[in-house]
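Scope of the values below: all heavy atoms of this structure, side chains included, with no hydrogens, waters or symmetry mates. Convention: sequence-line order gives letters A, B, ...; per-chain numbering from 1. Keep in mind that this is a model prediction, so the values were computed, not measured.
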Protein chains: 2
Amino acid sequence: MNRSSQREAILKALRSVKSHPTADEIYAMVHDSMPRLSLATVYRNLEQLVNAGMVTAIDGAGSRRFDGNAAPHHHKRCSVCGSVSDIFSEELHHLDNAIERLLPLLECSACSVEFSGICGKCRAAETPFYETVSVRTERGRVNTKNEEICYHE
Amino acid sequence: MNRSSQREAILKALRSVKSHPTADEIYAMVHDSMPRLSLATVYRNLEQLVNAGMVTAIDGAGSRRFDGNAAPHHHKRCSVCGSVSDIFSEELHHLDNAIERLLPLLECSACSVEFSGICGKCRAAETPFYETVSVRTERGRVNTKNEEICYHE
DNA sequence: ATAAAAGTGAAAATAATTCTTATTTTGTGT
DNA sequence: ACACAAAATAAGAATTATTTTCACTTTTAT
């Protein structure tokens, strides 16, 4: 892998945040100081960095996200805003060890674990959000519906 | 939720296979016997079925996949062909219990676990496949490269 | 200087959602 | 059973978002 100023800028940008940005978000970050940067370059380099083990890809609902933090940790995805935050917890070593022991039994080589819940920001937000809930129609039937929810009254 | 022949056909199709198809694949299955079916309808109904808890969504690399099997089980994603297969294993109850106990500690409401490895079909395949590996250039540098791999000779 | 690696920008491919209009489903009252 | 109205749903086209590909140019390491 030859060096390139683009790849270095991408890696630096990714390491400067804790937000696990998408390719597009990384593009926006680096594009400020590198206006000729192309989005295809961002995608290509992120793939290379993932293959080289310097960056972790986080797949799930929506776009792929990226993590430049090499320290072992877990992730929590917010079910409201979709953001991904880090979980550093001693408790999870046991979990990882248990999984590690299971892998050969299941003829697997890896396992990804992702927690989910509402992030602190969304829970504290003044602005309400929508969530699919079951509601009873006037006539007594049950529908699923996007209902406005807000943790502040 | 009112009944609709489309939704019933979608659910029936999904329950008839063990392959965890994408919305597009389900569309293709149902479209044979229901030519006027639209892809948007498939997406909408799958979302409804997921919200109603009758179907599980499997997110990860690539398109969202769907699972009509209500019995508790885990998934293994093939790192070669991307297919998702079921894992039914007693061993995993311990894992699930451990995770269940961790959730309140981590302020989370759920956790998704996905195993990965090479599926039986790909391991047994005569046809070789490509995988990104590190290779040494003639001049001594190390590059990542898509290399042909085959488990048969 | 040269060859491999990497970048650019546009286009294509994939994936998923939105919008408007038309149709279907279902509870209620004949 | 039958008609009605309201709610739910579907169709089909269009749009948006995401990711990859391609032909060419530039950069990097020897």
Side-chain angles (χ1 to χ4, degrees), chain A residues 1-11 20-28 30-31 33-52 54 57-66 82 130 132-147, chain B residues 1-11 20-28 30-31 33-52 55 57-66 82 130 132 134-146:
Chain A
M1 188 153 65
N2 285 345
R3 66 169 288 283
S4 88
S5 53
Q6 287 84 347
R7 187 182 306 122
E8 281 162 11
I10 287 166
L11 186 56
H20 314 94
T22 63
D24 204 59
E25 287 165 352
I26 295 168
Y27 171 71
V30 181
H31 191 261
S33 57
M34 206 178 241
R36 297 276 311 260
L37 181 75
S38 107
L39 183 55
T41 296
V42 175
Y43 273 101
R44 186 167 4 82
N45 278 294
L46 286 170
E47 194 193 332
Q48 284 184 306
L49 290 167
V50 168
N51 287 337
M54 304 171 74
I58 307 170
D59 287 314
S63 317
R64 170 171 281 193
R65 289 171 175 278
F66 298 90
Y130 288 84
T132 307
V133 294
S134 293
V135 289
R136 194 163 294 274
T137 307
E138 286 184 14
R139 293 188 184 174
R141 276 180 284 138
V142 175
N143 291 325
T144 57
K145 179 188 170 185
N146 267 339
E147 190 165 272
Chain B
M1 185 154 65
N2 286 345
R3 64 170 289 282
S4 89
S5 54
Q6 287 86 346
R7 187 182 306 122
E8 281 162 11
I10 287 166
L11 186 55
H20 314 94
T22 61
D24 205 58
E25 288 163 352
I26 294 168
Y27 170 72
V30 182
H31 191 262
S33 56
M34 207 178 239
R36 299 274 310 262
L37 181 75
S38 113
L39 182 57
T41 297
V42 176
Y43 273 103
R44 185 167 6 83
N45 278 294
L46 286 170
E47 194 192 333
Q48 282 184 307
L49 290 167
V50 168
N51 286 336
V55 162
I58 307 170
D59 288 313
S63 316
R64 169 171 282 195
R65 289 171 175 279
F66 297 90
Y130 288 83
T132 307
S134 292
V135 290
R136 194 160 294 272
T137 308
E138 286 183 13
R139 293 190 186 170
R141 273 180 286 138
V142 174
N143 291 326
T144 57
K145 180 188 170 184
N146 268 338

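With the nearest nucleotide of DNA chain C identified for both B:Asp24 and B:Arg3, B:Asp24 has the one nearer the 5' end.
Whole-Å rounding puts the B:Arg64 CZ to C:dT14 C1' distance at 16 Å. With rounding to whole Å, B:Arg65 atom CZ is found 16 Å from C:dA16 atom C1'. Rounded to a whole Å, the OH atom of A:Tyr27 is 14 Å from the P atom of D:dT18. Rounding to whole angstrom units, CG of residue B:Asn51 and P of D:dT9 are separated by 12 Å. If you measure from atom CD of A:Glu47 to atom P of C:dA6, you get 12 Å, rounded to the nearest angstrom. Following rounding to the nearest Å, A:Phe66 (CZ) and D:dT19 (C1') show an atom-to-atom distance of 10 Å. Residue B:Met1 contributes atom CE, which lies 7 Å from atom P of D:dT9 at whole-angstrom precision. D:dT18 atom C1' lies 15 Å from atom CG of B:Asp59, rounded to whole Å.
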For this session: Give the intermediate values and the outcome of side chain to side chain contact (heavy atoms under 4.5 Å, CB included) for residues B:Thr22 and B:Arg64.
Result: CA-CA 6 Å; B:Thr22 61; B:Arg64 169 171 282 195; over 6 Å; no
Any N/O pairs under 3.5 Å between the protein and nucleotides 10-15 of chain D? List them or say none.
unit_1 : atom_1 : unit_2  : atom_2 : d
D:dA10 : OP1    : B:Ser4  : OG     : 2.4
D:dA10 : OP1    : B:Asn45 : ND2    : 3.3
D:dA10 : OP2    : B:Arg44 : NH1    : 2.5
D:dA10 : OP2    : B:Asn45 : ND2    : 3.0
D:dA10 : O3'    : B:Gln6  : NE2    : 2.8
D:dA11 : OP1    : B:Gln6  : NE2    : 3.4
D:dA11 : OP1    : B:Arg36 : O      : 3.1
D:dA11 : OP2    : B:Ser38 : N      : 3.1
D:dA11 : OP2    : B:Thr41 : OG1    : 2.7
D:dG12 : OP1    : B:Arg36 : NE     : 3.1
D:dG12 : OP2    : B:Arg36 : O      : 3.0

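Residues that satisfy the salt bridge (Lys or Arg N to Asp or Glu O under 4.0 Å) test with B:Arg36, not counting sequence neighbours, are absent from this structure.
In this model, the phosphate group of D:dT19 is approached by a side-chain N or O of A:Tyr43 to a distance below 4.0 Å at OP1 or OP2.
Nearest approach of B:Arg7 to B:Asn2, heavy atoms of both residues: NH1-O, 2.6 Å. Here the closest non-hydrogen pair linking B:Phe66 and B:Leu46 is CE1-CD1, 3.5 Å.
Annotation: side chain of B:Leu11 is in contact with side chain of B:Val55 (closest heavy-atom distance under 4.5 Å).
Each of A:Asn51, A:Val50, A:Asn45 was compared with A:Gln48 under the side chain to side chain contact (heavy atoms under 4.5 Å, CB included) criterion, and only A:Asn45 meets it.
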